[in-house]
Amino acid sequence: MNDSAVHVRSDTELAAANRALYDTLWADARLIEPRRFNTWPLVSALAAQSRRALEVAPGLRPRLPLERTQFLDISAAAMARFRARGAAAAIGVINALPFADQTFDLVCSFDIVEHVDDDETALAELSRVCAPGGTLLLSVPLHEAAWTAFDDFVGHRRRYEPQDLANKLRRHGFDIERSAVFGMQPKSSRLVALGMWHLRHHRQRAMWWYNHVFMPIGLRMQKKLRWQPGLIDDPRVDTALMVCHQTEAPNGGT
C-alpha cells in the first residue's frame, strides 16, 4: 500500500524520530567491521587509491576502512566507539560538514540523505568537500510509490525517483557511473511489520534480537553486488547504491 499521502512530518518530528530510533539502535550495538559487508570489495579498492576518505553517518555500521577514513556522525556514542578503535571520528551533521573544500577524494554516504529535510544542502556539502575527479558512494531508497510504514518508522523524509535523483546529482557536479541493488531490509512485509511492532512495544528486547540474531544472519545472507551502468530504474528495486564521479563544478541549486 502507498502511504505517501500521509508521511509528511515537521522537521522537529522527523529529527526526533531519527534520534530516538538510532540512539536506541547504537546503545548496546557492536561496531561491525567494514569487511563483513558486501560493499567491501568495492570500498577497499577505492580506498586503496584514495589519499583521504570521508564516511558520513556510519552509525556503528561503517563501510570504509577504519584506519584510513575520517568518520562523522551525529551520535556521540557511536563516534566514541570509533575513537576507541583508533579511528578519526568527529561529531556533526551532513548539512554542515566541518571540513575544508575539496578535502576528500572518496566520500561515502549510505542511507542518510533521505532522512534530512534539506537534501539539496546535504548534497551540496558532499560535493563541496569532494576533490575534483573524486568519487561519491551514495545509497538511497527509490520510488515514492513504494513508500511503506517502514519508511515512516525509520525516519525517512522521502524516496527518490531515479531520473529526478540523477538530475539532482548532476546539478551538484556528480555523474552516476554505475549502480547496484542494495540494502538488508527483509523482503517479507509481514516480517518487517512484526519487527516494527516489537520495536514499538518491546524495544529493548527487540534491539537485543536485532543486534545479536537478525543482524548476524543478515550479514551472512548478503548477496554479491551486481552492477549495471548508470542508475537502476526498476520499480521492483527498493534501494540503490551508486558510484558517482565529480566531473564538473556544481551548477547551482534548488
Side-chain angles (χ1 to χ4, degrees), residues 2 4 34-50 53-58 61-65 69 94 104-115 119-120 122-123 126-127 130-148 150-151 154 156-189 192 218-248 250-251:
N2 178 13
S4 61
R35 65 182 65 252
R36 297 187 63 188
F37 292 99
N38 63 353
T39 48
W40 182 247
L42 169 71
V43 300
S44 59
L46 290 173
Q49 301 167 8
S50 303
L54 168 69
E55 183 167 355
V56 180
R61 310 290 185 253
R63 305 306 175 97
L64 296 186
T69 303
I94 192 172
F104 305 97
D105 46 13
L106 175 58
V107 178
C108 177
S109 177
F110 287 86
D111 304 326
I112 180 62
V113 296
E114 66 270 22
H115 288 269
D119 64 335
E120 291 284 358
L123 292 172
L126 295 174
S127 179
C130 187
T135 299
L136 170 68
L137 302 181
L138 182 72
S139 67
V140 299
L142 298 177
H143 306 294
E144 189 72 9
W147 190 276
T148 70
F150 179 80
D151 293 281
V154 298
H156 288 171
R157 170 63 81 192
R158 67 188 67 77
R159 283 176 169 270
Y160 289 89
E161 301 303 327
Q163 189 57 57
D164 292 343
L165 176 61
N167 292 339
K168 182 171 292 197
L169 286 167
R170 195 170 295 115
R171 289 201 303 273
H172 292 284
F174 293 110
D175 279 346
I176 302 170
E177 174 195 273
R178 51 183 164 145
S179 62
V181 178
F182 188 65
M184 297 175 64
Q185 180 184 333
K187 292 187 179 298
S188 169
S189 58
V192 171
L219 288 168
R220 286 197 295 270
M221 294 181 65
Q222 292 177 102
K223 297 180 180 179
K224 182 179 179 180
L225 293 172
R226 299 186 180 279
W227 299 98
Q228 70 172 49
L231 178 57
I232 296 169
D233 190 354
D234 184 334
R236 297 169 298 178
V237 173
D238 178 78
T239 304
L241 169 61
M242 292 153 282
V243 178
C244 309
H245 290 295
Q246 192 175 66
T247 58
E248 59 184 26
N251 58 16

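Since this is a predicted model, take the numbers as computed values, not measurements.
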Side-chain H-bond candidate by donor/acceptor type, S127 with Q246, under 3.5 Å
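Yes, because at least one side-chain N or O of S127 sits under 3.5 Å from a partner of the opposite role on Q246.
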I112 and side chain to side chain contact (heavy atoms under 4.5 Å, CB included): which partner among V140, L138, I94?
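The option that passes is I94.
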Should the pair R63 and F110 be classed as cation-pi, given the thresholds of under 6.0 Å to the six-membered ring centre and 45° from the axis?
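Geometry flag: set, cation within 6.0 Å and 45°.
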Return yes if some donor-acceptor pair links the side-chain N/O of [X] with the main-chain N/O of [Y] below 3.5 Å, else return no.
X    : Y    : answer
E161 : E144 : yes
Q222 : R36  : yes
D105 : A131 : no

Apply side chain to side chain contact (heavy atoms under 4.5 Å, CB included) to S44 and R35, showing your working.
CA-CA 8 Å; S44 59; R35 65 182 65 252; over 6 Å; no
Set of salt bridge (charged side-chain N to carboxylate O under 4.0 Å, His left out) partners for D119, sequence neighbours left out:
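Partners of D119 by the salt bridge (charged side-chain N to carboxylate O under 4.0 Å, His left out) criterion, ordered by chain and then number, come out as R158, K168.
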Please name all residues satisfying salt bridge (charged side-chain N to carboxylate O under 4.0 Å, His left out) with D234, sequence neighbours left out, ordered by chain then number.
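D234 satisfies salt bridge (charged side-chain N to carboxylate O under 4.0 Å, His left out) with R236 only.
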Sequence-distant partners of E177, side-chain hydrogen bond (donor to acceptor under 3.5 Å, both in side chains), two or more places apart
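Partners of E177 under the side-chain hydrogen bond (donor to acceptor under 3.5 Å, both in side chains) test: H245.
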Could you go through T135 and L137, starting from their C-alpha distance and side-chain angles, then the distance that decides it, and tell me whether this counts as side chain to side chain contact (heavy atoms under 4.5 Å, CB included)?
CA-CA 7 Å; T135 299; L137 302 181; 4.2 Å; yes
What's the shortest heavy-atom distance between [X] and [Y], and which atoms?
X    : Y    : answer
P162 : L231 : O-CD2, 3.2 Å
R159 : L142 : NH1-O, 2.8 Å
C244 : F174 : CB-CB, 4.1 Å
K223 : N38  : O-ND2, 2.8 Å

Report the C-alpha separation of T39 and F182 in whole Å, then their side-chain angles, then the decisive distance to 0.1 Å, and conclude whether the side chain to side chain contact (heavy atoms under 4.5 Å, CB included) test is met.
CA-CA 9 Å; T39 48; F182 188 65; 3.6 Å; yes
